[in-house]
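Working notes, beginning with the structure itself.
Whatever order the structure lists ligands and atoms in, that order sets their numbers, starting from 1.
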Amino acid sequence: MCGIFGLITNQDIEIGKIILEGIKRLEYRGYDSCGIVAQHNSKLYVKKDAGKINEIHKRLKLDEFPFGTKLGLAHTRWATHGPPTKINSHPHLDCNEKIAVLHNGILENFFELKEELERKGHIFRSETDTEIFPHLIEEYMKTGIDFKFAVSEAMKRCKGAYGLAICHAEYPDQIIVVRKESPLVIGLEEGKTTYCASDIPAFLPYTRECYILDDNEMAVLAAGYVDFYDIDNLTNPKEKEKQIIQWSIDAAEKGGYKHFMLKEIYEEPSAMRRTLKISKETLQIFARILWGAKNIYITAAGTSYYACLAGKFIITKFLHKYIEAIECSEFQTQLGDALQEDSVIIAVSQSGETVDTIEAIRWAKEKLKNNVKILCITNVVGSSLTRYSDYVIVTQAGPEIGVAATKTYCTQVLTLALIGLEIAKFRKILTKEEIDNYYHALNSTPDIIETFLQENIDLIKDIVKNLDKSHNFFYLARGISIATAREGGLKLKEVACRFIEGYSAAHAKHGPISLVREGFPIIFIAPPDETYERLLGNVMEFKARGGMIISVVVEDDRLITGFSHRTIRIPQPSDKYFSLFSPITFIPALQLLSYYAALKNGLDPDQPLNLAKTVTVH
Ligand code: G6P
């Protein structure tokens, strides 16, 4: 996935500075190369190179645009076709250097189109699929048709996923953007400036008025004005609903924190307080649909998948029906013809743009001729996933920029827990007192995290200092906490580049225990739930083999603490109501551990190697 940002204006603004700041806000989408194009006096001015934006900016002064420029576009890349080199960086130009294209996605039939264009005399400079677009548009413009019609004709030939921003040296009044499966949003400062971007935070400091482009739509941007079209009908502009974005501007900035990851961990309490206010009616709809379902599946990728594991545990407790969790990339292969009518699928995705999650849902809908209900939990209003879903809950985490998901995980588990409690209420399987106790525990989760974050930073830093030489770890747990162990393990792999296995403590005896030697670090996730006593047994087994035991426990824990070398205490009562929601309250400890381990290893936790925040390619 890549990031695109651009604007067209009639104002005397510092366009170079705005474009540089905007593309930096999208750097989480890819950071192996970057480029900009300015349109001025019938010429295109391009600067691009491989590397991170700040490094390239130092060399090329990315914010210095020709005086009087009113149109500019920028791109940050996560390489798919061709390694991250200067020549493969975007923008890509046609033969005459009149058309510039910036692309997020993958053009699937690029070999065939490249051969055809080469036969017609086009010279390609890069190894990218993207370079097809400017040459193809150029080819159509040779027939005498206008810029936007040429873009439309070119798109009819293209298979795959693309969000494109295109400008032309001789069209100073237009940026054309088109979308198929890769996100694109338009921001509008009426009468003044129009922005396009892969994600809203890029233009949030300038406007909250936003339009979300749908698949197979084109937007033609002019200064302070925008027209929308279906890509195959450019005669009549279409109406589109304007969205007013409620996120605060601060949410898209680091606001004094060294990294977005740390800032977003500290935002967990407020993100959760907002999510606790999700409409009761929507939660009830989700609860009733799940109660009426014959088969229930829950699917997602990465951190969202681990949120599903925790959430399905909580929902099952009250629903008394089996929920099968399937990684979205395996959804179709695992289910195949076993997917039956009247199934319900819960799809969870922070971005709502993960291609494998969307594909799982599309496949299920197509196979069952829509005789399946899709319930979606996402953090992004209007994202692609919402369009394929019957009912949507938007978590209220606000924009998450750090590549490693943190606050959105807490809000996803919280949302699934709220659905679980709605089910418990209408099924009347608990006494009023029990229901109240669960709500009290769930409503207390933001305060517990807040207190934990205030009191434990030095302890976590100290633990990390002593773990410094360890390359292998285990996070072990039982029951619901296996989800916590796996998500904690994912965080450490992602940002600290350490190999860690998040595993069932019971199952670890069937193989992984053979790795344990004197001083091998094993972190036990140990809330006082029904698995606690057996987990204590596992702690002893691993300690007896020389393991260095670090435990994550509640405030007044005694037993496991007594067998641990180090202990991280989560400030929550020792009862079953609070323990059920421990995937939410215990995870910040593991997120912080990963964050400080990354710093200790000299790594940038916001931009882990080889990763991108949203994976929009298969
Ligand atoms: C990528 C990110 C992960 C994220 C996963 C799913 O792999 O690096 O942090 O959890 O995608 O993303 P989604 O937006 O669908 O939750």
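Under the 4.0 Å criterion applied to side-chain N and carboxylate O atoms, Lys407 and Glu264 are not assigned as salt-bridge partners. The pair Glu217-Arg179 does not meet the salt-bridge criterion, since no charged nitrogen lies less than 4.0 angstrom from a carboxylate oxygen.
Proximity of a side-chain donor or acceptor of Ser198 to a complementary backbone N or O of Gly3 within less than 3.5 Å is not detected.
In terms of protein heavy-atom proximity, atom 1 (C) of ligand 1 is nearest to Lys613 O, 3.4 Å. Among all protein heavy atoms, the one lying closest to atom 10 (O) of ligand 1 is Thr303 N, 3.0 Å. Closest to atom 8 (O) of ligand 1 among all protein heavy atoms lies Ala612 O, 3.0 Å. The shortest contact between atom 9 (O) of ligand 1 and any protein heavy atom is with Val403 O, 3.3 Å. Of all protein heavy atoms, the one closest to atom 5 (C) of ligand 1 is Ala301 O, 4.0 Å. The nearest protein atom to atom 12 (O) of ligand 1, hydrogens excluded, is given as Thr354 OG1, 3.3 Å; this is a heavy-atom distance. At the top of the distance list for atom 7 (O) of ligand 1, counting protein heavy atoms only, stands Val615 CG2, 4.0 Å.
The N/O atoms of Gln412, backbone and side chain alike, include none that comes under 3.5 Å of an N/O atom in ligand 1. Geometrically, ligand 1 and Gln350 share a nitrogen or oxygen pair separated by less than 3.5 Å.
Between Thr411 and Glu268, the closest side-chain pair of non-hydrogen atoms is not below 4.5 Å. The closest side-chain heavy-atom distance from Pro83 to Asn88 is below 4.5 Å.
Counting only non-hydrogen atoms, the option in Lys491, Glu494, Glu353 that gets closest to atom 3 (C) of ligand 1 is Glu494. The option from Ser351, Ser304, Ala347 that lies nearest to atom 14 (O) of ligand 1, judged by heavy atoms, is Ser351.
Ring geometry for His75 versus His90: interplanar angle under 30°, hence parallel rather than tilted (30 to 60°).
The one candidate from Ile419, Leu290, Ile298 that meets the side chain to side chain contact (heavy atoms under 4.5 Å, CB included) condition with Leu375 is Leu290.
Figure legend: cation-pi geometry between Lys493 and Phe499, with NZ or CZ positioned under 6.0 Å from the six-membered ring centre and within 45° of its axis.
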